[in-house]
2 protein chains.
Amino acid sequence: MQSRTSAGRAGRPRSAAADAAILAATRAALVELGWSRLTLGDVATRAGVAKTTLYRRWAGKNELVVDAVAELFDELRLPDRGTLAADIEGVVLQFAALLARPEAKSGLMAVLAESTRDDALRERIRASIVDRQKRLVLEGRARAQQRGELPLETDPVEAARTADLIFDVVAGAVVHRELISAEPVDEEWVHSFTRLLLLGLSG
Amino acid sequence: MQSRTSAGRAGRPRSAAADAAILAATRAALVELGWSRLTLGDVATRAGVAKTTLYRRWAGKNELVVDAVAELFDELRLPDRGTLAADIEGVVLQFAALLARPEAKSGLMAVLAESTRDDALRERIRASIVDRQKRLVLEGRARAQQRGELPLETDPVEAARTADLIFDVVAGAVVHRELISAEPVDEEWVHSFTRLLLLGLSG
DNA sequence: GTATTACGCTACGACTCGTAGCGAAAGCTT
DNA sequence: AAGCTTTCGCTACGAGTCGTAGCGTAATAC
């Protein structure tokens with residue numbers, strides 16, 4: 001028979017405080033050193049744990065950084081600003097502010113680069129980061145449909161395709177502007193972008 | 001007084017063949033190993049040159065991979081397909097095909113990640129890769145204006161802003177679809193995307 | 001022919017990696 | 001309380017990579 005506590009495992013449980021300290025130390029190291037100079041030994045020292053403890057919990061640098069960055073995306077919300085246009089502008093500005101943080105920038109891009117050759121890593125990123133953003137698109141559409149700003153979808157397959165398209169356009173444009181063009185995602189840009197997007201969706 | 005050959009430098013000139021071999025070897029190593037496992041010693045061996053030769057020409061892994069990937073972007077052209085919509089679809093498919101190659105994927109994303117903490121590297125990427133794509137946007141607009149499909153711009157500042165926006169939307173959406181959503185940029189997607197973009201620009 | 005630069009090769013200290021082994025600590029179970 | 005189980009911190013280790021220095025040789029400009 002299985003115990004009811006700690007998933008039935010006996011023995012000393014893993015320290016939750018250590019987890020938090022390690023992830024915070026990882027983000028701090030990303031800010032100071034960037035991806036390439038970040039070493040797991042350094043992270044362990046910063047977090048005040050032994051290097052072996054770190055290797056017991058994460059398979060490597062990739063997985064660790066994914067988890068460290070994923071926590072940042074917990075902050076994303078979809079505020080109700082009354083209209084679809086205002087909702088889009090709000091969430092885009094939020095997303096851009098997140099991407100402007102150096103730990104998010106360098107960490108996210110680096111693990112995405114690694115994920116091009118590692119399917120398990122890509123799935124991990126999708127589950128803990130990308131899907132979290134995608135939900136905002138779905139929520140935003142549902143809210144706009146309730147308001148009557150968007151027509152109700154008839155074909156669910158087509159609806160999913162459109163949602164995917166919007167997601168790639170919105171997230172892609174913000175990421176490209178911020179990380180590749182390296183120019184600010186300010187209110188003026190967001191306003192122009194939102195106008196383009198809504199016009200494009202009006203057909 | 002300066003000589004007319006080889007930029008006036010005396011002595012044995014650098015081998016152009018070595019340059020080509022090194023860049024080709026870098027791409028091959030990117031395909032087989034990806035960014036993180038790629039070592040300069042391995043590239044030197046593949047290229048048939050000494051490791052020291054490599055270090056005499058490039059400051060490090062970042063700069064080498066930028067140059068190796070930049071050569072791939074030389075292939076990008078803007079074919080004249082008769083209409084703006086067809087031109088966009090053509091160039092987007094071309095860009096997507098380029099990004100689908102593993103050496104472009106992993107190499108480009110990795111140096112972009114590093115560039116978030118290295119301004120000189122970002123400038124190198126901009127000059128040798130990004131601007132080359134951006135020119136396609138400017139050419140496409142000029143061609144469309146000649147055809148009368150787009151109005152002539154009056155304010156040059158506003159025109160530049162719009163071009164930047166289009167560039168971020170197009171390149172960003174394709175990159176996001178291909179590298180983050182990890183779904184194919186096929187003709188159906190390109191068609192939907194082009195429709196959204198042109199509708200959005202019609203205002 | 002001579003000066004000058006590039007090249008291949010070897011060797012090197014410094015660093016990081018990921019793992020193994022150990023004794024001690026912490027919590028669950030009875 | 002006693003015993004069992006797992007985690008933790010620490011140390012040490014071989015393997016691999018890094019970037020550089022030094023040397024003799026090759027190739028070109030003058």
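Keep in mind that this is a model prediction, so the values were computed, not measured. Convention: sequence-line order gives letters A, B, ...; per-chain numbering from 1. Only heavy atoms go into these numbers, but all of them, side chains included; no hydrogens, no water, no symmetry mates.
When the C1' atoms of four end pairs are superposed on the next four at each end of the helix from C:dG1-D:dC30 to C:dT30-D:dA1, using five pairs per end, the two resulting axes differ in direction by 30°, to 10°.
Distance B:Arg14 CZ to D:dA29 P: 16 Å, rounded to the nearest Å. A:Leu33 places its CG atom 14 Å from the C1' atom of C:dC15, with the value rounded to the nearest Å. What separates CZ of A:Arg37 from C1' of D:dG19 is a distance of 13 Å, to the nearest Å.
Within the cation-pi definition used here (under 6.0 Å to the ring centroid, within 45° of the axis), B:Lys105 does not qualify as a partner of B:Trp35.
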Check your understanding: Please walk me through it: do B:Val130 and A:Ser181 pass side chain to side chain contact (heavy atoms under 4.5 Å, CB included)?
Key -> CA-CA 8 Å; B:Val130 179; A:Ser181 296; 5.5 Å; no
Exercise for review: Applying side chain to side chain contact (heavy atoms under 4.5 Å, CB included), run through A:Trp58 and A:Ile22 and close with a yes or a no.
Suggested key: CA-CA 11 Å; A:Trp58 283 277; A:Ile22 290 170; 3.6 Å; yes
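A donor and an acceptor atom, one from each side chain of B:Glu114 and A:Ser36, are located under 3.5 Å apart.
A pairwise comparison of heavy atoms in A:Leu150 and A:Arg141 identifies CD1-CG, 4.0 Å as the closest pair. Between A:Leu196 and B:Leu201 the shortest heavy-atom distance is CD1-CD2, 3.7 Å. The shortest non-hydrogen separation linking A:Ala113 to B:Ala110 is CB-N, 3.5 Å. The shortest heavy-atom contact between B:Ala104 and B:Leu98 is CB-O, 3.3 Å.
Shown for residues 42-64 of chain B: residues whose heavy atoms fall under 4.0 angstrom of DNA chain D, namely B:Lys51, B:Thr52, B:Tyr55.
If A:Leu40 and A:Arg12 are placed on DNA chain C by their nearest nucleotide, the residue sitting closer to the 5' end is A:Leu40.
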